[in-house]
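Hydrogens, waters and symmetry mates play no part in the numbers below; they use all other heavy atoms, side chains included. Below, read A as the first sequence line, B as the second, and so on, with proteins coming before strands; counting in each chain starts at 1.
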2 protein chains.
Amino acid sequence: MNSTCATSVGTAEGEARQRTLVSLFTNKWSALAIGELEDGPLRFGALQRRLRGVSPKVLTHTLRRLEEFGLVNRVVYPDIPLRVEYSLTEIGRGASGLLRDLRNWVDENMDEMLRASDR
Amino acid sequence: MNSTCATSVGTAEGEARQRTLVSLFTNKWSALAIGELEDGPLRFGALQRRLRGVSPKVLTHTLRRLEEFGLVNRVVYPDIPLRVEYSLTEIGRGASGLLRDLRNWVDENMDEMLRASDR
DNA sequence: CGGAATCCCGGTGGATACTG
DNA sequence: CAGTATCCACCGGGATTCCG
């Protein structure tokens with residue numbers, strides 16, 4: 001069923017890679033960081049302030065991972081003091097749209113799901 | 001915690017609840033289990049066989065969680081030996097559609113993302 | 001057969017202090 | 001300011017065994 005390309009959603013490694021990629025924005029902060037960047041570039045500090053509760057280590061790791069897979073750009077301005085700006089790439093914007101869909105769906109069905117979990 | 005609908009991605013508890021709900025199908029097996037149930041009800045054993053590599057404990061936990069939030073039905077037939085069937089609820093089918101979108105998007109952009117991560 | 005109980009491990013995420 | 005370096009807590013997940 002697989003071979004040449006896309007819909008390789010049946011194979012073992014295919015699943016694994018999908019999980020890897022999907023886990024890119026399911027690890028607590030990635031999706032939120034992408035969301036924050038939707039309106040434009042942000043500096044590290046600004047990002048950290050908006051995502052209240054994230055430690056520098058984790059935020060760094062999150063952003064580096066997103067950068068690694070081409071979802072965000074990281075630009076360093078050698079100013080004093082240092083300035084680093086993060087922004088969405090083209091594909092990152094695509095992901096952000098998808099994440100918005102996810103959030104919207106959750107929003108719409110949140111009540112029903114929480115009601116179910118309450119019983 | 002009002003939430004002006006869709007883009008209520010700014011509040012603290014809103015984020016938390018969304019994460020909770022989103023994490024429902026991002027924890028490695030939930031999405032795959034839902035995917036397997038798309039074609040119809042399955043027994044515990046069948047499900048475990050299809051999702052090769054999942055331990056009974058984890059599968060149980062996964063299914064219970066999905067059931068708790070109203071995404072799957074769990075029906076026990078008091079046969080001997082015991083028989084338990086899992087199936088998607090209405091809202092679970094909605095989730096499965098969403099997950100398919102996610103998988104499709106990842107499929108389409110997988111190459112580009114992996115290429116980026118390769119440099 | 002469908003789990004529950006137990007033990008274990010690795011990774012993610014967090015707090016804090018420190019550096020270029 | 002933008003991180004790095006530690007250290008640590010907490011699950012998710014896995015393997016195995018036992019129970020109704």
Which residue lies more 5' along DNA chain D, comparing A:Pro81 with B:Arg65 via nearest heavy atoms:
A:Pro81
Starting from the 5' end of DNA chain D, give me the residue, B:Thr62 or B:Pro56, whose nearest nucleotide shows up first.
B:Thr62
Closest approach to the side chain of [X], judged atom by atom: which nucleotide of [options] is it?
X       : options               : value
A:Val58 : C:dG14, D:dA2, D:dG14 : C:dG14
B:Thr60 : C:dA4, C:dG2, D:dG14  : C:dA4
A:Asn27 : D:dG3, C:dT12, C:dG14 : C:dT12
B:Ser55 : C:dG13, D:dA15, C:dG2 : D:dA15
B:Lys57 : C:dC7, C:dG2, C:dG14  : C:dC7
A:Arg64 : C:dG13, D:dG3, C:dG3  : D:dG3
B:Leu82 : C:dG2, D:dG14, D:dA2  : C:dG2
A:Arg43 : D:dA2, C:dT12, D:dT4  : D:dA2

Roughly how many Å is it from [atom1] in [X] to [atom2] in [N], rounded to a whole number?
X       : N      : atom1 : atom2 : answer
A:Tyr77 : D:dG3  : OH    : C1'   : 18 Å
B:Leu66 : D:dG12 : CG    : P     : 13 Å
A:Leu59 : C:dG13 : CG    : P     : 12 Å
A:Lys28 : D:dG12 : NZ    : P     : 12 Å
A:Asp79 : D:dG3  : CG    : C1'   : 16 Å
A:His61 : D:dT4  : NE2   : P     : 11 Å
A:Gln48 : C:dG13 : CD    : P     : 15 Å
A:Phe44 : D:dC1  : CZ    : P     : 12 Å

Below 4.0 angstrom, N of the basic side chain to O of the carboxylate: do [X] and [Y] qualify?
X       : Y        : value
A:Glu38 : A:Arg103 : yes
B:Glu67 : B:Arg65  : no
A:Arg93 : A:Glu90  : yes

For D:dG14, does either OP1 or OP2 sit under 4.0 Å from a side-chain N or O belonging to B:Arg52?
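Answer is no, no contact under 4.0 Å.
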Side-chain contact test, heavy atoms from C-beta onward, threshold under 4.5 Å: evaluate it for A:Ser96 versus A:Leu88 and give yes or no.
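Yes, side chains in contact.
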Does B:Val84 reach the side chain of B:Arg43, with side-chain heavy atoms less than 4.5 Å apart?
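B:Val84 vs B:Arg43: side chains apart.
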Using the closest heavy atom to pick a nucleotide of DNA chain C for each, name whichever of B:Val84 or A:Trp29 lands nearer the 5' end.
B:Val84
